[in-house]
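Below: the structure, in C-alpha coordinates.
When a ligand or atom number is given, it counts from 1 through the structure's own listing order.
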Amino acid sequence: MLHENLTVNALGHLCIAGADTVELARQYGTPLMVMDEERIRRNFRIYKNAMSKHFGEGSFPAFASKAFSCKYIYKIAKEENVGIDIVSSGELYTALKAGFDVSKSFFHGNNKTDFDIEYGISNGVGHFVVDNMTELDSINEIAGKKGIIQPVLLRLTPGIDPHTHAAITTGQVDSKFGIAIETGQATEAVKYTLTRKNVRLDGFHCHIGSQIFDIKPFCDAARLMIKYISSLKVELGYEASILNLGGGFGVKYIEAQPELDYAEFIRLVSQFIDNEVSVSGIKKPTIVMEPGRSIVADSCLTLYTVGGTKQIPGFKNYTSVDGGMPDNPRYALYQSDYTVCLASRMNDECDFECTIAGRCCESGDLLQENVLIPKPQRGDILAVLVTGAYNYSMASNYNRIPRPEVLGIKDGKEFEIIKRESFADLIKNDL
Ligand code: LLP
(Lines give C-alpha, C1' and ligand atoms only; values in the text may rest on other atoms or scores of the structure.)
Protein backbone atom coordinates (compact mmCIF):
# COMPACT_ATOMS: atom_id res chain seq x y z
CA MET A 1 0.00 0.00 0.00
CA LEU A 2 0.88 3.68 -0.30
CA HIS A 3 2.30 3.90 3.24
CA GLU A 4 3.29 1.15 5.67
CA ASN A 5 0.53 2.01 8.18
CA LEU A 6 -2.10 0.93 5.61
CA THR A 7 -2.99 -2.75 5.26
CA VAL A 8 -5.87 -4.98 4.16
CA ASN A 9 -7.37 -7.52 6.58
CA ALA A 10 -8.93 -10.96 6.00
CA LEU A 11 -12.34 -9.37 5.36
CA GLY A 12 -10.85 -7.36 2.50
CA HIS A 13 -11.22 -4.16 4.53
CA LEU A 14 -8.71 -1.33 4.56
CA CYS A 15 -6.94 -0.91 7.92
CA ILE A 16 -4.94 2.01 9.30
CA ALA A 17 -2.50 1.26 12.13
CA GLY A 18 -4.20 -2.13 12.33
CA ALA A 19 -7.73 -0.74 12.84
CA ASP A 20 -10.51 -1.86 10.45
CA THR A 21 -11.75 1.33 8.78
CA VAL A 22 -15.10 -0.19 7.77
CA GLU A 23 -15.82 -1.10 11.40
CA LEU A 24 -14.87 2.42 12.50
CA ALA A 25 -17.11 3.95 9.84
CA ARG A 26 -20.04 1.79 11.01
CA GLN A 27 -19.46 2.68 14.63
CA TYR A 28 -18.71 6.40 14.34
CA GLY A 29 -20.47 7.36 11.10
CA THR A 30 -19.02 9.18 8.12
CA PRO A 31 -17.36 11.38 7.00
CA LEU A 32 -14.74 10.23 9.47
CA MET A 33 -11.07 11.09 9.69
CA VAL A 34 -8.78 8.52 11.32
CA MET A 35 -5.27 9.41 12.50
CA ASP A 36 -2.43 7.05 13.35
CA GLU A 37 -0.73 8.56 16.42
CA GLU A 38 2.44 6.48 16.11
CA ARG A 39 2.95 7.83 12.59
CA ILE A 40 2.76 11.43 13.82
CA ARG A 41 5.27 10.71 16.58
CA ARG A 42 7.54 8.86 14.16
CA ASN A 43 7.51 11.83 11.77
CA PHE A 44 8.35 14.26 14.58
CA ARG A 45 11.24 12.03 15.65
CA ILE A 46 12.68 11.77 12.16
CA TYR A 47 13.01 15.57 12.07
CA LYS A 48 14.14 15.92 15.67
CA ASN A 49 16.86 13.29 15.45
CA ALA A 50 18.14 14.31 12.03
CA MET A 51 18.17 17.99 12.93
CA SER A 52 20.12 17.58 16.14
CA LYS A 53 22.51 15.15 14.44
CA HIS A 54 23.22 17.31 11.38
CA PHE A 55 22.52 20.90 12.45
CA GLY A 56 23.67 20.59 16.06
CA GLU A 57 22.16 20.06 19.51
CA GLY A 58 20.11 23.27 19.81
CA SER A 59 18.32 22.81 16.48
CA PHE A 60 14.71 21.66 16.48
CA PRO A 61 11.56 21.36 14.35
CA ALA A 62 8.65 23.72 15.01
CA PHE A 63 5.45 22.06 13.78
CA ALA A 64 3.57 24.30 11.33
CA SER A 65 0.27 23.89 13.07
CA LYS A 66 -1.76 25.46 10.23
CA ALA A 67 -1.56 21.95 8.74
CA PHE A 68 -3.66 20.56 11.60
CA SER A 69 -4.55 22.63 14.62
CA CYS A 70 -6.41 21.22 17.61
CA LYS A 71 -5.63 20.57 21.27
CA TYR A 72 -4.57 16.98 20.59
CA ILE A 73 -1.77 17.87 18.17
CA TYR A 74 -0.30 20.51 20.49
CA LYS A 75 -0.28 17.93 23.29
CA ILE A 76 1.63 15.52 21.06
CA ALA A 77 4.02 18.33 20.07
CA LYS A 78 4.55 19.06 23.77
CA GLU A 79 5.25 15.40 24.55
CA GLU A 80 7.65 15.13 21.63
CA ASN A 81 9.39 18.29 22.86
CA VAL A 82 9.25 20.22 19.59
CA GLY A 83 8.36 23.84 18.88
CA ILE A 84 5.36 25.15 16.95
CA ASP A 85 4.64 27.67 14.21
CA ILE A 86 1.39 29.56 14.78
CA VAL A 87 -0.22 32.03 12.47
CA SER A 88 -3.15 33.46 14.40
CA SER A 89 -4.37 34.19 17.90
CA GLY A 90 -6.80 31.29 17.43
CA GLU A 91 -3.96 28.82 16.97
CA LEU A 92 -2.15 30.40 19.92
CA TYR A 93 -5.28 30.09 22.08
CA THR A 94 -5.65 26.42 21.14
CA ALA A 95 -1.99 25.71 21.95
CA LEU A 96 -2.32 27.47 25.33
CA LYS A 97 -5.46 25.47 26.14
CA ALA A 98 -3.51 22.29 25.36
CA GLY A 99 -0.86 23.34 27.89
CA PHE A 100 1.83 23.95 25.27
CA ASP A 101 4.80 26.06 26.40
CA VAL A 102 4.56 28.87 23.83
CA SER A 103 8.03 30.16 24.57
CA LYS A 104 8.86 27.59 21.87
CA SER A 105 6.52 29.15 19.32
CA PHE A 106 7.03 31.29 16.22
CA PHE A 107 4.17 33.68 15.53
CA HIS A 108 3.77 34.14 11.75
CA GLY A 109 1.51 36.02 9.38
CA ASN A 110 1.72 38.91 6.95
CA ASN A 111 -0.83 40.97 8.88
CA LYS A 112 -0.67 40.49 12.62
CA THR A 113 -3.21 42.78 14.21
CA ASP A 114 -2.47 44.82 17.32
CA PHE A 115 -4.68 42.34 19.13
CA ASP A 116 -2.50 39.43 17.90
CA ILE A 117 0.65 41.21 19.01
CA GLU A 118 -0.77 42.14 22.40
CA TYR A 119 -2.15 38.63 22.95
CA GLY A 120 1.09 36.99 21.81
CA ILE A 121 3.32 39.17 23.98
CA SER A 122 1.06 38.77 27.03
CA ASN A 123 1.19 35.01 26.69
CA GLY A 124 4.95 34.79 26.21
CA VAL A 125 5.27 33.86 22.53
CA GLY A 126 8.92 32.97 21.91
CA HIS A 127 9.47 34.79 18.63
CA PHE A 128 7.39 36.94 16.35
CA VAL A 129 8.42 36.35 12.76
CA VAL A 130 8.16 39.92 11.54
CA ASP A 131 6.77 40.44 8.07
CA ASN A 132 7.18 44.20 7.61
CA MET A 133 8.31 47.33 9.42
CA THR A 134 4.90 48.70 10.40
CA GLU A 135 4.35 45.44 12.24
CA LEU A 136 7.76 45.80 13.85
CA ASP A 137 6.81 49.29 15.07
CA SER A 138 3.67 47.89 16.64
CA ILE A 139 5.57 45.03 18.36
CA ASN A 140 8.17 47.50 19.63
CA GLU A 141 5.50 49.85 20.97
CA ILE A 142 3.40 47.17 22.68
CA ALA A 143 6.49 45.47 24.14
CA GLY A 144 7.61 48.91 25.36
CA LYS A 145 4.32 49.51 27.16
CA LYS A 146 4.73 46.17 28.89
CA GLY A 147 8.34 46.93 29.74
CA ILE A 148 9.76 43.91 27.95
CA ILE A 149 12.13 43.18 25.09
CA GLN A 150 10.43 40.89 22.58
CA PRO A 151 12.62 38.47 20.59
CA VAL A 152 11.91 38.58 16.85
CA LEU A 153 13.08 37.11 13.55
CA LEU A 154 12.67 38.92 10.24
CA ARG A 155 10.96 36.99 7.46
CA LEU A 156 13.01 37.35 4.30
CA THR A 157 12.26 36.35 0.72
CA PRO A 158 15.35 34.77 -0.76
CA GLY A 159 14.01 34.94 -4.34
CA ILE A 160 13.66 31.21 -4.97
CA ASP A 161 11.07 29.51 -7.17
CA PRO A 162 10.60 25.93 -5.95
CA HIS A 163 8.32 24.83 -8.85
CA THR A 164 5.26 23.79 -6.90
CA HIS A 165 1.63 24.90 -7.24
CA ALA A 166 1.56 28.71 -7.62
CA ALA A 167 -0.88 29.11 -4.70
CA ILE A 168 1.61 27.52 -2.28
CA THR A 169 4.81 29.23 -3.48
CA THR A 170 6.06 31.87 -1.04
CA GLY A 171 9.77 32.56 -1.39
CA GLN A 172 9.87 34.64 -4.58
CA VAL A 173 10.70 38.36 -4.53
CA ASP A 174 7.13 39.51 -5.33
CA SER A 175 5.56 37.34 -2.59
CA LYS A 176 3.04 38.88 -0.20
CA PHE A 177 5.21 37.49 2.59
CA GLY A 178 8.36 38.94 4.04
CA ILE A 179 11.03 41.36 2.93
CA ALA A 180 13.14 40.90 -0.20
CA ILE A 181 16.91 40.52 0.04
CA GLU A 182 17.39 41.33 -3.64
CA THR A 183 15.86 44.82 -3.46
CA GLY A 184 18.00 45.94 -0.51
CA GLN A 185 14.90 46.25 1.67
CA ALA A 186 16.02 43.41 3.95
CA THR A 187 19.21 45.21 4.95
CA GLU A 188 17.29 48.44 5.55
CA ALA A 189 14.90 46.44 7.76
CA VAL A 190 17.80 44.91 9.73
CA LYS A 191 19.34 48.33 10.34
CA TYR A 192 15.99 49.73 11.46
CA THR A 193 15.21 46.77 13.71
CA LEU A 194 18.57 47.07 15.44
CA THR A 195 17.68 50.64 16.46
CA ARG A 196 14.40 49.66 18.17
CA LYS A 197 14.70 49.36 21.93
CA ASN A 198 11.97 46.88 22.78
CA VAL A 199 12.73 44.15 20.25
CA ARG A 200 15.73 41.85 20.01
CA LEU A 201 16.63 40.65 16.53
CA ASP A 202 17.65 36.99 16.93
CA GLY A 203 17.86 36.14 13.23
CA PHE A 204 15.94 35.34 10.09
CA HIS A 205 13.25 33.18 8.59
CA CYS A 206 12.44 32.07 5.07
CA HIS A 207 9.88 29.66 3.63
CA ILE A 208 10.01 28.87 -0.07
CA GLY A 209 6.75 26.94 -0.52
CA SER A 210 5.02 23.65 0.15
CA GLN A 211 4.80 20.09 -1.29
CA ILE A 212 8.29 20.31 -2.79
CA PHE A 213 10.07 17.08 -3.81
CA ASP A 214 13.29 18.57 -5.09
CA ILE A 215 16.10 19.15 -2.57
CA LYS A 216 17.82 21.83 -4.66
CA PRO A 217 15.60 24.83 -3.77
CA PHE A 218 16.05 24.04 -0.05
CA CYS A 219 19.83 23.90 -0.43
CA ASP A 220 19.80 27.10 -2.50
CA ALA A 221 17.70 28.88 0.12
CA ALA A 222 19.91 27.72 3.00
CA ARG A 223 23.07 28.79 1.16
CA LEU A 224 21.61 32.15 0.23
CA MET A 225 20.44 32.85 3.76
CA ILE A 226 23.80 31.93 5.30
CA LYS A 227 25.58 34.06 2.70
CA TYR A 228 23.27 36.92 3.58
CA ILE A 229 23.93 36.45 7.31
CA SER A 230 27.67 36.54 6.71
CA SER A 231 27.35 39.67 4.54
CA LEU A 232 25.57 41.39 7.43
CA LYS A 233 28.44 40.57 9.76
CA VAL A 234 30.82 42.35 7.39
CA GLU A 235 28.49 45.25 6.64
CA LEU A 236 26.88 45.90 10.02
CA GLY A 237 28.79 43.75 12.49
CA TYR A 238 25.50 41.99 13.20
CA GLU A 239 25.53 38.19 13.60
CA ALA A 240 22.25 36.22 13.60
CA SER A 241 21.90 33.42 16.15
CA ILE A 242 18.80 31.71 14.63
CA LEU A 243 18.05 30.72 11.06
CA ASN A 244 14.55 29.35 10.53
CA LEU A 245 14.24 27.67 7.13
CA GLY A 246 10.44 27.15 7.15
CA GLY A 247 8.74 23.99 5.92
CA GLY A 248 7.82 22.54 2.57
CA PHE A 249 9.06 18.95 2.19
CA GLY A 250 6.73 16.98 -0.11
CA VAL A 251 4.52 14.08 0.89
CA LYS A 252 3.56 11.01 -1.14
CA TYR A 253 -0.16 11.24 -1.95
CA ILE A 254 -0.15 8.87 -4.93
CA GLU A 255 1.97 5.94 -6.13
CA ALA A 256 3.66 8.06 -8.80
CA GLN A 257 5.22 10.32 -6.13
CA PRO A 258 8.35 9.39 -4.19
CA GLU A 259 8.42 8.88 -0.43
CA LEU A 260 11.07 11.35 0.64
CA ASP A 261 13.79 10.50 3.12
CA TYR A 262 13.53 13.64 5.30
CA ALA A 263 16.61 12.74 7.36
CA GLU A 264 18.66 12.53 4.17
CA PHE A 265 17.25 15.87 2.96
CA ILE A 266 18.27 17.44 6.27
CA ARG A 267 21.76 15.97 5.93
CA LEU A 268 22.09 17.46 2.45
CA VAL A 269 20.87 20.89 3.54
CA SER A 270 23.30 20.79 6.48
CA GLN A 271 26.24 20.23 4.10
CA PHE A 272 25.43 23.48 2.32
CA ILE A 273 25.13 25.31 5.62
CA ASP A 274 28.40 23.91 6.96
CA ASN A 275 30.20 24.80 3.75
CA GLU A 276 29.05 28.38 3.78
CA VAL A 277 29.74 28.72 7.51
CA SER A 278 33.31 27.50 7.09
CA VAL A 279 33.94 29.79 4.10
CA SER A 280 32.54 32.90 5.80
CA GLY A 281 33.76 32.22 9.32
CA ILE A 282 30.47 33.16 10.98
CA LYS A 283 29.19 31.25 14.01
CA LYS A 284 26.75 28.54 12.88
CA PRO A 285 23.26 29.69 13.80
CA THR A 286 20.70 27.46 15.51
CA ILE A 287 18.66 26.00 12.66
CA VAL A 288 14.89 25.71 12.99
CA MET A 289 12.61 24.03 10.44
CA GLU A 290 8.83 24.23 10.27
CA PRO A 291 7.43 21.01 8.80
CA GLY A 292 3.64 20.87 8.66
CA ARG A 293 2.42 18.56 5.93
CA SER A 294 5.18 15.97 6.38
CA ILE A 295 4.32 15.56 10.08
CA VAL A 296 0.59 14.88 9.80
CA ALA A 297 -0.46 14.14 6.20
CA ASP A 298 0.34 10.43 5.98
CA SER A 299 -0.98 9.70 9.48
CA CYS A 300 -4.57 10.09 8.32
CA LEU A 301 -7.31 9.01 5.94
CA THR A 302 -10.89 10.11 5.45
CA LEU A 303 -13.80 7.67 5.19
CA TYR A 304 -17.04 8.38 3.36
CA THR A 305 -20.20 6.43 2.66
CA VAL A 306 -21.01 6.04 -1.02
CA GLY A 307 -24.45 7.32 -2.03
CA GLY A 308 -24.40 5.86 -5.50
CA THR A 309 -22.97 6.12 -8.97
CA LYS A 310 -24.15 8.04 -12.01
CA GLN A 311 -23.11 6.86 -15.45
CA ILE A 312 -23.38 9.31 -18.34
CA PRO A 313 -22.82 7.11 -21.43
CA GLY A 314 -20.10 8.44 -23.69
CA PHE A 315 -19.06 11.00 -21.06
CA LYS A 316 -18.14 10.05 -17.54
CA ASN A 317 -19.12 8.27 -14.35
CA TYR A 318 -19.60 9.83 -10.95
CA THR A 319 -19.44 8.24 -7.52
CA SER A 320 -21.04 10.46 -4.89
CA VAL A 321 -20.02 10.48 -1.24
CA ASP A 322 -21.39 12.05 1.94
CA GLY A 323 -18.59 14.62 2.32
CA GLY A 324 -16.52 16.65 -0.13
CA MET A 325 -15.20 20.18 -0.27
CA PRO A 326 -16.43 21.08 3.23
CA ASP A 327 -14.07 18.51 4.80
CA ASN A 328 -11.48 18.58 2.00
CA PRO A 329 -11.32 21.68 -0.21
CA ARG A 330 -7.88 20.82 -1.61
CA TYR A 331 -8.96 19.31 -4.91
CA ALA A 332 -11.32 22.21 -5.59
CA LEU A 333 -8.55 24.68 -4.70
CA TYR A 334 -5.40 23.11 -6.12
CA GLN A 335 -6.47 19.99 -8.04
CA SER A 336 -4.47 18.08 -5.44
CA ASP A 337 -3.58 14.45 -6.04
CA TYR A 338 -5.14 11.84 -3.79
CA THR A 339 -5.33 8.06 -3.75
CA VAL A 340 -8.90 6.80 -3.49
CA CYS A 341 -9.92 3.24 -2.64
CA LEU A 342 -13.03 1.32 -1.80
CA ALA A 343 -12.23 0.49 1.83
CA SER A 344 -15.03 -2.06 2.14
CA ARG A 345 -13.93 -4.14 -0.90
CA MET A 346 -10.17 -3.86 -1.17
CA ASN A 347 -9.76 -7.21 -2.93
CA ASP A 348 -12.29 -6.53 -5.71
CA GLU A 349 -11.10 -5.59 -9.14
CA CYS A 350 -10.64 -1.85 -9.77
CA ASP A 351 -12.40 -1.67 -13.12
CA PHE A 352 -14.77 1.29 -12.71
CA GLU A 353 -13.37 4.63 -13.77
CA CYS A 354 -15.13 7.52 -12.12
CA THR A 355 -14.94 10.98 -10.63
CA ILE A 356 -15.54 11.20 -6.88
CA ALA A 357 -18.13 13.89 -6.24
CA GLY A 358 -18.92 15.52 -2.93
CA ARG A 359 -22.42 16.35 -1.75
CA CYS A 360 -22.38 20.14 -2.09
CA CYS A 361 -24.42 22.23 -4.49
CA GLU A 362 -21.36 23.12 -6.49
CA SER A 363 -19.98 21.46 -9.65
CA GLY A 364 -16.41 22.01 -8.46
CA ASP A 365 -17.08 19.94 -5.34
CA LEU A 366 -14.96 16.97 -6.40
CA LEU A 367 -12.44 14.95 -4.42
CA GLN A 368 -10.63 13.39 -7.37
CA GLU A 369 -11.23 12.79 -11.07
CA ASN A 370 -10.77 9.65 -13.18
CA VAL A 371 -9.90 7.14 -10.46
CA LEU A 372 -10.19 3.39 -10.81
CA ILE A 373 -12.11 1.56 -8.09
CA PRO A 374 -14.44 -1.45 -7.93
CA LYS A 375 -17.93 -0.33 -8.98
CA PRO A 376 -19.37 0.92 -5.69
CA GLN A 377 -22.79 0.14 -4.27
CA ARG A 378 -24.77 2.51 -2.07
CA GLY A 379 -23.43 2.00 1.46
CA ASP A 380 -19.88 1.04 0.48
CA ILE A 381 -17.14 2.80 2.40
CA LEU A 382 -14.74 4.88 0.31
CA ALA A 383 -11.39 6.08 1.64
CA VAL A 384 -9.32 9.06 0.55
CA LEU A 385 -5.77 8.52 1.78
CA VAL A 386 -3.19 10.94 3.21
CA THR A 387 -5.62 13.60 4.42
CA GLY A 388 -3.96 14.69 7.68
CA ALA A 389 -2.59 18.02 6.44
CA TYR A 390 -4.63 21.06 5.44
CA ASN A 391 -7.88 19.13 5.35
CA TYR A 392 -9.51 19.54 8.74
CA SER A 393 -7.70 22.85 9.20
CA MET A 394 -9.24 24.20 5.98
CA ALA A 395 -12.65 22.57 6.50
CA SER A 396 -15.79 24.69 6.36
CA ASN A 397 -19.51 24.42 7.02
CA TYR A 398 -20.48 25.18 3.42
CA ASN A 399 -24.07 24.10 2.80
CA ARG A 400 -24.36 23.84 6.60
CA ILE A 401 -22.63 20.51 6.62
CA PRO A 402 -21.12 19.71 10.05
CA ARG A 403 -17.38 19.13 10.20
CA PRO A 404 -16.42 15.44 10.51
CA GLU A 405 -15.32 13.49 13.54
CA VAL A 406 -11.57 12.94 13.93
CA LEU A 407 -10.47 9.72 15.61
CA GLY A 408 -7.02 8.71 16.74
CA ILE A 409 -5.65 5.17 16.77
CA LYS A 410 -3.07 4.14 19.32
CA ASP A 411 -2.04 0.60 20.26
CA GLY A 412 -4.87 -0.71 18.06
CA LYS A 413 -7.55 1.25 19.97
CA GLU A 414 -9.49 4.25 18.76
CA PHE A 415 -10.16 7.44 20.72
CA GLU A 416 -11.82 10.74 19.87
CA ILE A 417 -9.63 13.68 18.91
CA ILE A 418 -12.33 16.06 17.66
CA LYS A 419 -16.05 15.37 18.03
CA ARG A 420 -18.35 15.46 15.05
CA GLU A 421 -20.07 18.83 14.84
CA SER A 422 -23.76 18.71 15.64
CA PHE A 423 -26.61 20.65 14.07
CA ALA A 424 -26.73 22.61 17.34
CA ASP A 425 -23.06 23.56 16.78
CA LEU A 426 -24.03 24.90 13.37
CA ILE A 427 -26.44 27.46 14.80
CA LYS A 428 -24.68 28.24 18.07
CA ASN A 429 -23.67 31.74 16.96
CA ASP A 430 -26.88 32.50 15.04
CA LEU A 431 -29.04 35.11 16.80
N1 LLP B 1 6.27 27.68 7.62
C2 LLP B 1 5.58 28.67 7.02
C3 LLP B 1 5.92 30.05 7.28
C4 LLP B 1 4.50 28.35 6.17
O5 LLP B 1 3.83 29.33 5.57
C6 LLP B 1 4.17 27.00 5.95
C7 LLP B 1 3.05 26.63 5.07
C8 LLP B 1 4.92 26.00 6.60
C9 LLP B 1 5.97 26.38 7.42
C10 LLP B 1 4.62 24.53 6.45
O11 LLP B 1 4.82 24.05 5.17
P12 LLP B 1 4.64 22.47 4.90
O13 LLP B 1 5.76 21.75 5.62
O14 LLP B 1 3.32 22.09 5.43
O15 LLP B 1 4.73 22.35 3.43
N16 LLP B 1 -3.08 24.95 2.18
C17 LLP B 1 -2.02 24.48 1.30
C18 LLP B 1 -0.66 24.60 1.93
C19 LLP B 1 -0.34 26.00 2.38
C20 LLP B 1 0.99 26.08 3.04
C21 LLP B 1 1.10 27.35 3.81
N22 LLP B 1 2.31 27.51 4.53
C23 LLP B 1 -2.31 23.02 0.89
O24 LLP B 1 -3.34 22.50 1.28
O25 LLP B 1 -1.53 22.42 0.17
Result block: side-chain N/O donor-acceptor pairs under 3.5 angstrom for residues 268-277, not counting sequence neighbours:
{"unit_1": "S270", "atom_1": "OG", "unit_2": "R267", "atom_2": "O", "d": "2.8"}
{"unit_1": "D274", "atom_1": "OD1", "unit_2": "K284", "atom_2": "NZ", "d": "2.8"}

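- In this comparison of H207, Q211, R293, the heavy atom closest to atom 25 (O) of ligand 1 sits on R293.
- Below 4.0 Å from some heavy atom of M394 lie the following atoms of ligand 1, by number and element: 16 (N), 24 (O).
- The proximity of R330 to ligand 1, defined as any non-hydrogen pair under 4.0 Å, is limited to the side chain.
- Short contacts between ligand 1 and H205, defined as distances under 4.0 Å to a heavy atom of the residue, involve ligand atoms 3 (C).
- Taking a cutoff of 4.0 Å between a charged side-chain nitrogen and a carboxylate oxygen, K145 and E141 qualify as a salt bridge.
- Ligand 1 lies out of reach of A67, whose nearest heavy atom is not under 4.0 Å from it.
- Residue R155 places no N or O, backbone or side chain, under 3.5 Å from any N or O of ligand 1.
- Of all atoms in ligand 1, numbered sequentially from 1 with element shown, those under 4.0 Å from a heavy atom of E290 are 1 (N), 2 (C), 3 (C), 8 (C), 9 (C), 10 (C), 13 (O).
- Screening Y331, Y334, Y338 for a ring-ring contact (aromatic ring centres under 6.0 Å, His included) with Y253, the sole residue that qualifies is Y338.
- Of the listed residues (K48, R42, R45), just one forms a salt bridge (Lys or Arg N to Asp or Glu O under 4.0 Å) with E80, and that residue is R45.
- In the model, N43 has a side-chain atom that pairs as donor or acceptor with a side-chain atom of D298 under 3.5 Å.
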Task: CA sep, side-chain torsions, deciding dist, call: F218, F249, ring pair (Phe, Tyr, Trp, His ring centres under 6.0 Å) - done: CA-CA 9 Å; F218 293 104; F249 286 170; 4.6 Å; yes
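- Taking a cut-off of under 4.0 Å to the non-hydrogen atoms of G248, the atoms of ligand 1 that pass are 11 (O), 12 (P), 13 (O), 15 (O).
- Residues C350 and L372 approach most closely at CB-O, 3.7 Å, considering heavy atoms.
- Under 4.0 angstrom from ligand 1, there are no non-hydrogen atoms of F177.
- In terms of the side chain to side chain donor-acceptor pair (under 3.5 Å) criterion, residue partners of D85 (sequence neighbours excluded) are, by chain and number, K66.
- Residue A64 has no nitrogen or oxygen atom sitting less than 3.5 Å from a nitrogen or oxygen atom of ligand 1, judged on distance alone.
- In terms of polar-atom proximity, F249 is not counted as a contact of ligand 1, lacking any N or O under 3.5 Å from an N or O of the ligand.
- With a 4.0 Å heavy-atom cut-off, ligand 1 is reached by no atom of M289.
- Within ligand 1, the atoms closer than 4.0 Å to a non-hydrogen atom of P291 are 13 (O), numbered from 1 in the order shown.
- Of all heavy-atom pairs between M325 and A332, the closest is CE-CB, 4.4 Å.
- Residues K112 and E135 are paired through a salt bridge, judged by an N-O separation under 4.0 Å between the basic side chain and the carboxylate.
- Only the side chain of D85 comes within 4.0 Å of ligand 1, counting heavy atoms alone; its backbone N, CA, C and O stay farther away.
- Which parts of ligand 1 touch Y334 is read off a 4.0 Å heavy-atom cut-off, strictly below it: atoms 16 (N), 17 (C), 23 (C), 24 (O), 25 (O).
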